[in-house]
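Worksheet: one structure, shown below.
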Amino acid sequence: EVFTGIVRKVKRKSMTRSGNPTYTIFLDNRTIDTKPDAAINYFISDSMLDKEYVFILEYGRIIGFQRVQHPSTETTTKE
């Protein structure tokens with residue numbers, strides 16, 4: 001499953017038996033956990049807060065994500 005959402009909260013959960021971190025990601029209308037022992041868990045941080053991401057899930061758990069980059073909305077003026 002693939003979907004987009006804005007991250008509102010990141011909660012670190014207990015370590016796996018292998019000693020790897022796991023997280024719960026809170027979005028506006030959805031809460032999802034990371035897959036245990038997935039390498040992607042080392043890229044999750046509070047710097048994700050209030051930013052939009054595309055999430056890839058496998059069996060309901062995050063196995064990948066990428067930040068959504070919006071085109072600049074700045075305007076320039078000509079003199």
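Both backbone and side-chain heavy atoms feed into the values below; hydrogens, waters and symmetry mates do not.
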N/O donor-acceptor pair under 3.5 Å between Ser45 side chain and Ser47 backbone: yes
Side-chain heavy atoms of Thr4 within contact of Glu52, under 4.5 Å: yes
Any donor-acceptor N/O pair, Asn41 side chain to Pro21 backbone, under 3.5 Å: yes
Single-linkage hydrophobic cluster, 4.5 Å side-chain cutoff, Val54 and Ile44 together: no
Nearest non-hydrogen partners of Arg8 and Asp28, listed with the distance: NE-OD1, 2.7 Å
Single-linkage hydrophobic cluster, 4.5 Å side-chain cutoff, Val68 and Val2 together: yes
For Leu27 against Val7, the heavy-atom pair lying closest together: CD2-CA, 3.8 Å
From CA spacing to verdict: salt bridge (charged side-chain N to carboxylate O under 4.0 Å, His left out), Glu58, Lys35: CA-CA 8 Å; Glu58 180 179 73; Lys35 184 176 178 182; 2.8 Å; yes
Thr24 versus Lys13, closest heavy-atom pair with distance: OG1-CD, 2.8 Å
Single-linkage hydrophobic cluster, 4.5 Å side-chain cutoff, Ile25 and Met15 together: no
Any donor-acceptor pair under 3.5 Å from Thr16 side chain to Pro36 backbone: no
pair Arg67-His70: side-chain heavy atoms closer than 4.5 Å: no
Shortest non-hydrogen contact from Met48 toward Phe43: SD-O, 4.5 Å
Counterpart residues, side chain to side chain contact (heavy atoms under 4.5 Å, CB included), relative to Leu57 (two or more places apart): Glu1, Phe3, Arg30, Ile32, Ile62
Parallel, tilted or perpendicular, as decided by the 30° and 60° cut-offs, for the rings of Phe55 and Phe65: tilted
Which residues share a salt bridge (charged side-chain N to carboxylate O under 4.0 Å, His left out) with Asp37, sequence neighbours left out: none
Test item: Lys11 and Phe26 side chains (from C-beta on) under 4.5 Å apart, heavy atoms: yes
